[in-house]
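Here the structure is laid out as structure tokens; the discussion comes afterwards.
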Amino acid sequence: MPRSPLRPPRLLRTASFRLAALYLVLFSASAVVLGGAVFWMTHESLIQQMQSRVRAAEGHFAEADQKGGAAALVEHVRKYARGAGALDYLVQSPSGARLAGQLPMIGARRGWLHLTATDQDGTKPVLAYAEQLPDGVVIAVGDDLSRVHRADDAVLRAVALSIAVTILLGGVGGIWLSRVFLHRVDAMSRTAEAIIDGALGQRIALRGSGDDLDRLAETLNRMLDRIEKLLAGVREASNNIAHDLRTPLSRLRQHLEEARGRSGSVADHERALESAKAEVEALLGTFAALLRIAEVEAGAQRAAFCRVDLSAVAETVAEAFAPSAEDEGHRLTADVAPGISVHGDKELLTQMLVNLVENALRHTPRGTEVRLSLARQGRQAVLAVTDNGPGVPAAEQEHVLRRFYRLDESRTTPGSGLGLSLVAAVAELHGGTLRLEDARPGPHGGALRLEDARPGPHGGALGLEDARPGLRVSVTLATVGDAGLSVIEGNQLAG
Amino acid sequence: MKILLIEDDQETADYVARGLRQQGHTADHAANGRDGLFQAGDAPYDVLVIDRMLPGIDGLSLVRTLREAGIRTPVLFLTALGGVGDRVRGLDAGGDDYLAKPFAFAELLARVNALARRPPLVDVQTVLRVADLEMDLLRRAVTRAGKEIDLQPREFQLLEYLLRNAERVVTRTMLLEAVWDFHFDPRTNIVETHISRLRSKLAQGGGAELIHTVRGAGYALRAPVPVAPA
């Protein structure tokens, strides 16, 4: 947006300043209303006091007049008019002549009157009440209004002062608040700009006050952490892709050069081409795995989720792999609770389980036992593949889920280092949790132990303590509904 | 066999067509959906091999249109999209099989053969037979030369698939899909081990080898040459 020269300064355009200004107007208005009310009520109450005093005195004089006639009244008035702070009087004969008192003549006017009296201090406004007594004499009693006016002025001054203070404090406070707010928002924008410019490690500074801006900053920082982690993951993955694909590609070139260059026999050519083809197939496998992971992470399959009989999947996988495992000198056993269903994608869950089993078979030495188990735990299904192989050091456990990550010991075995990444992605797609832990019994050991399940006289304690750490990889998923239907399906399959 | 290949990538089309012709088939090629639809509707083909992504009319719509027109020719989809959802959509649209690129020609050939000779649905067989091997689908029993062979359920399924496709090559992936419902390629040779177990069970009472390994392609269940297939 082009900056108009007529726009007010930034400070005045901040949300907090506008809010402060709005509050200022509201507070000032309420102070004015409040002050007006105080003024009016004070004034009225003073006037009322004055009126009742005037009426009381007037009643007193009327009584004197009734008892002693006009002469007694005049006497009375003279006596009362002498004291300090005394009321002002006027006694007027029926013919309209002044008999006593200093109040100006009132003629034929009666009732409440505003008069101006003159005495030794000068003129003063007077509120007077005039009445004609039964004998025709007119008596007027008045009180000095200037006292009320002085009180009015005092109240007005107090109100004006408080409004002024309100405006001053509100204005200063609003500007101060806005500056603080602006300062912090500026800090956030500076951080954002720095991140845009590539300093991904930058974070918004917190004040530690835990206020809403701090909380916002905290949330933004967490988001930035996540983004940084994702970006690091992407960067690492692309580096790894480049690195991990270069090796098989250069081997492929060697094979092709061998096939072309050397004037060997037909069998030599064929062997070189065969090796080249194997390299290409491994590369295609790696790409397929990468695409699969990307596809799973995109999460589009979630729309096609349906009820999957996880028990049947586990049985199928265990049964499919048992002969191969045996041929390779492993033992694959299954302990699958029947009738456990989850909401998910059957194919991906199958592949996840296959990857877990293959991972265990591939990375453990001959003679290792691998156990596939599926158990119900409350409303959750715990799918686990446990082996009693060499295990994975605790420090490495977190890394093996990363793409292309391979333990040093596994560098020589074929594989892309993507198997467990896919497992992690599928588990996440299904809202499950993936856990890697030592399978060795102990304080941190899993609930399922190979040794415990080993039947026969040699099972149990023997070899329990000195067992290799082993690895237990488990995925916990939420189960669905009643298992009745799945049990029937399972039986049909078995039949 | 007369095969129509609808594929816009000239190199893939040449490769596939050349391979099919070498196998003695007649292979026609259409380079876009419109021509493909026209040709498929015009001449009788045994199998259609159709790319999913085509200029003009895309593969899915093409097959849907063919099916609506009552053309029941088996369709094999070829695609660079190998995702789960893609395969399901392809089969829903009326495709009969699905092959993700990149593929080996042997795989394509085996699948085309399987599609072309798929027995009509009305022909309900209860006994499958090759040479002296007999499978009774009702009793779920297998005998060789009259002697009963005890098979695991999965071995039974494996043998049934081989018998239904007797005399032709089935690939590892076809077996993985049909027997285990695995639509991905495990690195472990589970097909090989199951086949080898099945072989040894079939060979218990002597008799010639029936399950042959076809190098670079897969397996084929064949009657020994001197004995005419039943």
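All heavy atoms count here, side chains included; hydrogens, waters and symmetry mates do not. Values in this document were obtained by computation on a predicted structure and should not be read as measured data. Throughout, a chain's letter reflects where its sequence line sits, starting with A, and its residues are numbered from 1.
Ranked by heavy-atom pairs shorter than 4.5 Å toward chain B, the options A/A325, A/P323, A/A288 are led by A/P323. Your options are A/E358, A/K277, A/E274, and the one with the most heavy-atom pairs under 4.5 Å with chain B is A/E358.
Contact annotation for A/E281: neither backbone nor side-chain heavy atoms come within less than 4.5 Å of a heavy atom of chain B. When heavy atoms are compared at a cutoff of 4.5 Å, B/H194 approaches chain A solely by way of its side chain, counted from C-beta outward. Only the side chain of B/P102 has a heavy atom closer than 4.5 Å to any heavy atom of chain A. When heavy atoms are compared at a cutoff of 4.5 Å, B/N189 approaches chain A by way of both its backbone and its side chain.
For the pair A/R271 and A/D268, the salt-bridge criterion is met [side-chain N within less than 4.0 Å of a carboxylate O].
Within the 4.5 Å cutoff, the side chain of A/V385 has heavy atoms near those of the A/V370 side chain.
Counting only distance, with no hydrogens or angles, the side chain of A/S373 and the backbone of A/D335 share no donor-acceptor pair below 3.5 Å. Of the possible donor and acceptor atoms, none in the side chain of A/T368 sits under 3.5 Å from a partner among the backbone N and O of A/N388.
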As a quick check of understanding, evaluate side-chain hydrogen bond (donor to acceptor under 3.5 Å, both in side chains) for B/D14 and B/Q10, giving each step before the final call.
CA-CA 6 Å; B/D14 287 347; B/Q10 193 61 44; 3.1 Å; yes

